[in-house]
Amino acid sequence: MGRVVLSILKCLMLLICLASASMVRANEPMVLSFGITPQQSAGELGKLWVPICQYLSKHTGLQIQFKTSKDLPTYWKDANTGAFDLLYITPYYFTKAQKAAGYRALAKDGGTPLVGIIVTRQDGPEEIEGLKGEKIAIHDVSAFMLAYVRYGFLKERGIQIEPVGVGSLDSVYRTIDKGLYPAGISIQSAFGSLDQAMQARFKVLWKSDPLPPFAYAVHPQVPPAAAEAVRSALLDMNNNPEGRALLATVNIQSIKAAKDSDFDSMRKLKLE
């Protein structure tokens with residue numbers, strides 16, 4: 001009988017331990033990965049976005065983890081397979097990820113529309129025609145902005161270029177500054193992130209019309225309550241001094257509410 005009682009007590013203790021472990025896990029915050037478009041090296045990107053993820057964690061009660069991919073093609077592939085719970089992504093590739101994996105828009109950058117630019121050094125070509133046949137720096141040759149500039153602007157002017165991927169938006173400016181390429185394709189927000197001394201060494205040959213801004217998106221498997229908490233925290237950054245300061249580090253003026261239809265113009269683009 002003693003052995004039976006001892007066995008029962010051991011079973012009870014095991015059940016209590018398992019129940020306690022389950023309660024601990026239940027009280028742990030939900031972990032959500034936040035996939036950030038790799039416009040810079042992972043190290044530089046992390047310095048900027050980890051504090052933002054920490055801010056969102058503090059204001060949602062969730063555990064928001066910074067994630068990215070080794071390069072843009074990998075990131076877009078990861079987004080299309082639903083690898084991230086949350087996304088910060090260009091408008092064109094948001095529509096691709098939405099179609100492929102069901103992401104939906106939570107918010108969008110406000111005050112900073114996506115504007116493509118072609119930049120050169122101050123002593124570079126004066127006219128866009130001076131780039132005919134030239135090698136032009138771009139952060140990635142599969143980038144949406146290259147396709148947009150190439151087929152939405154240069155093609156109609158009879159200007160052919162040879163794009164060269166240099167790895168990041170920062171590298172576009174560094175390689176032009178060193179004279180490795182006569183010009184580069186970038187976005188206005190990245191140019192605005194350069195320090196004043198660096199900006200002064202360049203001139204902008206061309207700007208695109210404003211495009212829909214970067215999107216903040218959520219995967220359909222994220223519970224609605226968690227998605228709403230993230231959306232609210234993102235929008236509240238506008239009204240919080242700490243939040244505004246963090247947005248300034250990534251050259252974002254504000255965050256606005258968004259719906260999927262805000263990106264319809266991107267769905268109509270037919271890029272080669």
Side-chain angles (χ1 to χ4, degrees), residues 37-41 71-77 79-80 89-97 109 112-215 251 262-272:
T37 299
Q39 298 174 309
Q40 298 159 294
S41 68
D71 52 34
L72 283 169
T74 304
Y75 178 79
W76 294 324
K77 180 180 179 181
N80 286 345
I89 192 168
T90 60
Y92 183 71
Y93 283 99
F94 160 67
T95 64
K96 298 293 186 183
D109 285 346
T112 50
L114 182 62
V115 175
I117 59 175
I118 298 176
V119 297
T120 185
R121 295 193 314 180
Q122 288 291 352
D123 60 355
E126 294 294 332
E127 302 291 339
I128 210 76
E129 284 73 17
L131 301 180
K132 282 185 178 180
E134 294 283 1
K135 292 182 178 181
I136 304 300
I138 179 77
H139 54 291
D140 192 284
V141 294
S142 60
F144 153 72
M145 192 52 69
L146 171 61
Y148 182 78
V149 171
R150 212 176 188 182
Y151 302 113
F153 172 65
L154 295 179
K155 184 178 180 180
E156 65 184 30
R157 302 189 67 160
I159 299 173
Q160 293 187 344
I161 60 170
E162 182 180 342
V164 179
V166 295
S168 71
L169 287 170
D170 289 344
S171 295
V172 170
Y173 297 100
R174 287 197 294 268
T175 54
I176 299 171
D177 192 43
K178 291 177 180 178
L180 299 178
Y181 305 103
I185 296 171
S186 184
I187 56 176
Q188 188 167 270
S189 60
F191 183 73
S193 296
L194 300 175
D195 62 59
Q196 293 297 315
M198 189 70 165
Q199 283 188 34
R201 298 206 280 271
F202 300 98
K203 59 187 175 186
V204 177
L205 289 180
W206 172 83
K207 285 184 180 181
S208 75
D209 292 331
L211 299 166
F214 270 62
N251 201 33
D262 291 346
F263 304 91
D264 282 349
S265 61
M266 293 289 97
R267 296 182 179 89
K268 297 174 182 177
L269 289 179
K270 296 181 179 180
L271 303 178
E272 296 181 32

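Every heavy atom of this structure was used, including side-chain atoms; hydrogens, water molecules and symmetry mates were not.
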A.B. asks: Return the CD1 to OH distance between Ile185 and Tyr148, rounded to the nearest 0.5 Å.
C.D. replies: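 Here the interatomic distance stands at 12.5 Å.
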A.B. asks: Do Pro212 and Phe94 come close enough that some side-chain heavy atom pair is under 4.5 Å?
C.D. replies: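 Result no, sub-4.5 Å side-chain heavy-atom pair not found.
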A.B. asks: What are the two closest non-hydrogen atoms of Ala143 and Trp76, and how far apart are they?
C.D. replies: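 Heavy-atom minimum between the residues: CA-CH2, 3.4 Å.
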A.B. asks: Can you check whether Gln160's main-chain N or O pairs, donor with acceptor, with Lys155's side chain at less than 3.5 Å?
C.D. replies: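 It does not hold such a pair.
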A.B. asks: Tell me the salt bridge (charged side-chain N to carboxylate O under 4.0 Å, His left out) pairs involving residues 114-125, sequence neighbours left out?
C.D. replies: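 As it turns out, the salt bridge (charged side-chain N to carboxylate O under 4.0 Å, His left out) pairs with a partner in residues 114-125, which skip direct neighbours, are Arg121-Asp123.
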A.B. asks: Any side-chain to backbone donor/acceptor pair from Thr120 onto Pro182? Under 3.5 Å, distance only.
C.D. replies: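 Yes, because the side chain of Thr120 sits within donor-acceptor range (under 3.5 Å) of the backbone of Pro182.
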A.B. asks: With the side chain counted from C-beta on, respond yes when Ile136 and Leu131 share a heavy-atom pair under 4.5 Å apart, and no when they do not.
C.D. replies: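 Of all side-chain heavy-atom pairs linking Leu131 with Ile136, at least one is under 4.5 Å.
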A.B. asks: What are the two closest non-hydrogen atoms of Pro91 and Phe263, and how far apart are they?
C.D. replies: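 What the structure gives for the nearest pair is CB-CD2, 3.7 Å.
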A.B. asks: Please report the interatomic distance CZ(Phe214) to OH(Tyr92), rounded to the nearest 0.5 Å.
C.D. replies: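 It is 15.0 Å, given to the nearest 0.5 Å.
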A.B. asks: Give, for atom CZ of Arg150 and atom CD1 of Ile138, the distance between the pair rounded to the nearest 0.5 Å.
C.D. replies: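 Separation between the atoms: 10.0 Å.
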A.B. asks: Is the ring pair Phe202/Phe191 parallel, tilted or perpendicular, if the boundaries are 30 and 60 degrees?
C.D. replies: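 Answer is perpendicular, since the angle exceeds 60°.
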A.B. asks: With a sphere of 6.0 Å drawn around NZ of Lys96, does it hold more than 12 non-hydrogen atoms of other residues, nucleotides or ligands?
C.D. replies: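 Result for NZ/Lys96: open.
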A.B. asks: Can you tell me if Gln199 uses its side chain to pair, donor with acceptor, with the backbone of Leu194 under 3.5 Å?
C.D. replies: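 Here the side-chain-to-backbone pair exists.
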A.B. asks: Tyr93 versus Asn80: any side-chain heavy-atom pair under 4.5 Å?
C.D. replies: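 With C-beta onward as the side chain, the pair stays apart.
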A.B. asks: Between Leu211 and Phe144, is there a side-chain heavy-atom distance shorter than 4.5 Å?
C.D. replies: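 In contact.
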A.B. asks: Identify the heavy atoms of Thr37 and Ile89 that sit nearest to each other, and give their distance.
C.D. replies: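 The pair with the smallest heavy-atom distance is OG1-CA, 3.3 Å.
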A.B. asks: To check you understand the geometry: which heavy-atom pair defines the closest contact between Asn251 and Ser193, and what is its length?
C.D. replies: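 Of all heavy-atom pairs spanning Asn251 and Ser193, the closest is CB-OG, 3.2 Å.
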A.B. asks: Say you draw a straight line from CH2 of Trp206 to CD1 of Ile117; how long is it, rounded to the nearest 0.5 Å?
C.D. replies: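 One finds 9.5 Å between CH2 of Trp206 and CD1 of Ile117.
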A.B. asks: If a pair satisfies salt bridge (charged side-chain N to carboxylate O under 4.0 Å, His left out) and one of its residues is in residues 135-144, list it, with sequence neighbours excluded.
C.D. replies: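 Salt bridge (charged side-chain N to carboxylate O under 4.0 Å, His left out) check on residues 135-144 returns no pairs.
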A.B. asks: Test your reading of the model: is there a side-chain donor-acceptor pair from Asp109 to the backbone of Pro213, 3.5 Å cut-off?
C.D. replies: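 Judged by distance alone, no pair lies under 3.5 Å.
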A.B. asks: Let me confirm one number: the NZ-CG distance from Lys77 to Leu72, rounded to the nearest 0.5 Å.
C.D. replies: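 The distance works out to 15.0 Å.
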A.B. asks: Side-chain contact, heavy-atom cut-off 4.5 Å: Gln39 with Ile187?
C.D. replies: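 SC-SC contact between Gln39 and Ile187 confirmed.
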A.B. asks: Mark yes when over 12 heavy atoms from residues, nucleotides or ligands other than Glu127 sit less than 6.0 Å from its CD; otherwise mark no.
C.D. replies: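 No, not enclosed.
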A.B. asks: Just list the side-chain donor-acceptor pairs under 3.5 Å for residues 167-174, sequence neighbours left out, or say none.
C.D. replies:
residue	atom	partner	partner atom	Å
Ser168	OG	Ser171	N	3.1
Ser168	OG	Ser171	OG	3.0
Asp170	OD2	Gln40	NE2	3.3
Ser171	OG	Arg174	NH2	3.0
Tyr173	OH	Ser186	OG	2.8

A.B. asks: Given the rule in the side chain to side chain donor-acceptor pair (under 3.5 Å) test, do Lys207 and Gln188 qualify, once you have shown the distances and angles that lead to the verdict?
C.D. replies: CA-CA 8 Å; Lys207 285 184 180 181; Gln188 188 167 270; 2.9 Å; yes
A.B. asks: What are the two closest non-hydrogen atoms of Val115 and Pro210, and how far apart are they?
C.D. replies: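 It is CG2-CA, 4.1 Å.
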A.B. asks: Once you round to the nearest 0.5 Å, how far does CD1 of Ile118 lie from CE of Met145?
C.D. replies: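 If we round to the nearest 0.5 Å, Ile118:CD1 and Met145:CE are 10.5 Å apart.
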A.B. asks: Can you name the closest pair of heavy atoms from Ile128 and Leu205 and give their distance?
C.D. replies: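 Looking at all heavy atoms of both residues, the closest pair is CD1-CB, 3.9 Å.
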A.B. asks: Would a 4.5 Å heavy-atom cut-off, applied to side chains only, mark Ile161 and Ile159 as touching?
C.D. replies: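 Yes, side chains in contact.
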